[in-house]
Every structure is written in structure tokens, then in C-alpha cells.
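As C-alpha cells, the structure follows; a few thoughts come after it.
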Amino acid sequence: AAHKEGVFSPIVVVAGTILGPEQLNKVRAKVITLHSDLIKSFVGTSDSAFGRAVLQQLFKYVDADNSGFIDKEELSVALSLLGFRWLKE
């Protein structure tokens, strides 16, 4: 699969040069596991009062025109703010 340029690409290239492909893959696996655990813990809080309040505030921030819906442009801006600048659609 073709590589997509992303915010962490320079770090991955340097790490690959230093660690070599085998060790880099082990480090990547560990980082992916930690990231997945973090996402699971955040999703787990979405059912709490705090989690709902955070999600409501995030929605209000992203819903720039206050329509009650997030349109394609608003989603694009939100993803860009989160660092997903290489996504085109």
C-alpha cells in the first residue's frame, strides 16, 4: 500500500533508519496498542456525565453554523485541527 504523508512521517522515517525495520515494527505495534487503549478509555467515559458534556462541547465547537449538524466542510476543518491534514475526503 502506498504511504500517505502524515504528521508523524518524519519521525517514522528517522526511527526506521536508526532502529531498522524489525525493531521499528515492534515499536509501532506498541504505540498502536497504547493508542487503542487510550481511545477505549475515552470511549468508555462517553457514557458518563463528564463524557457527555465533553462531547457536547466538541460538537458545539465543530458545528460552526449552529445548524445542529456537522456538514462536510465543518468535518474537514475539525479533522484538520486534529492533524489529519493529508485527508482529502
Side-chain angles (χ1 to χ4, degrees):
H3 170 72
K4 302 251 182 189
E5 190 69 23
V7 67
F8 294 112
S9 294
I11 295 169
V12 173
V13 170
V14 170
T17 302
I18 294 169
L19 300 173
E22 188 176 323
Q23 189 63 27
L24 175 63
N25 284 337
K26 289 179 183 178
V27 170
R28 286 173 115 176
K30 182 65 176 171
V31 169
I32 290 168
T33 299
L34 291 170
H35 180 260
S36 295
D37 290 345
L38 178 66
I39 296 299
K40 285 179 199 172
S41 68
F42 177 76
V43 170
T45 65
S46 67
D47 289 333
S48 69
F50 174 76
R52 285 189 299 276
V54 169
L55 290 173
Q56 287 174 340
Q57 290 303 313
L58 288 171
F59 186 90
K60 286 179 185 178
Y61 182 76
V62 173
D63 183 23
D65 63 3
N66 296 315
S67 66
F69 299 93
I70 297 174
D71 63 32
K72 186 175 180 179
E73 180 61 28
E74 291 166 333
L75 181 59
S76 177
V77 170
L79 290 172
S80 179
L81 289 171
L82 291 170
F84 294 97
R85 291 178 182 85
W86 68 93
L87 297 177
K88 300 294 181 201
E89 297 179 11

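Taking L38 as the reference, S41 meet the side chain to side chain contact (heavy atoms under 4.5 Å, CB included) condition, with sequence neighbours excluded. Applying the side-chain hydrogen bond (donor to acceptor under 3.5 Å, both in side chains) rule to T17 yields no partners; only residues at least two apart in sequence or on another chain are considered. Listed by chain and number, the residues in a side chain to side chain contact (heavy atoms under 4.5 Å, CB included) with Q57 are K60 (sequence neighbours excluded). For D47, the side chain to side chain contact (heavy atoms under 4.5 Å, CB included) criterion is met by no residue, not counting sequence neighbours. In this view, L19 and A15, Q23, V27 satisfy the side chain to side chain contact (heavy atoms under 4.5 Å, CB included) rule, not counting sequence neighbours.
Tracing side-chain contacts under 4.5 Å through hydrophobic residues (I, L, V, M, F, W, Y), one reaches L58 starting from F50; they form part of the same cluster.
At least one side-chain heavy atom of V12 sits under 4.5 Å from a side-chain heavy atom of L24.
No more than 12 heavy-atom neighbours from other residues, nucleotides or ligands sit within 6.0 angstrom of OH on Y61.
S36 contributes a side-chain N or O that, together with a main-chain N or O of I32, makes up a donor-acceptor pair within less than 3.5 Å.
Rounded to the nearest 0.5 angstrom, I70 CD1 and S76 OG are separated by 12.5 Å.
When hydrophobic residues (I, L, V, M, F, W, Y) are linked wherever their side-chain heavy atoms come within less than 4.5 Å, L34 remains an isolated member.
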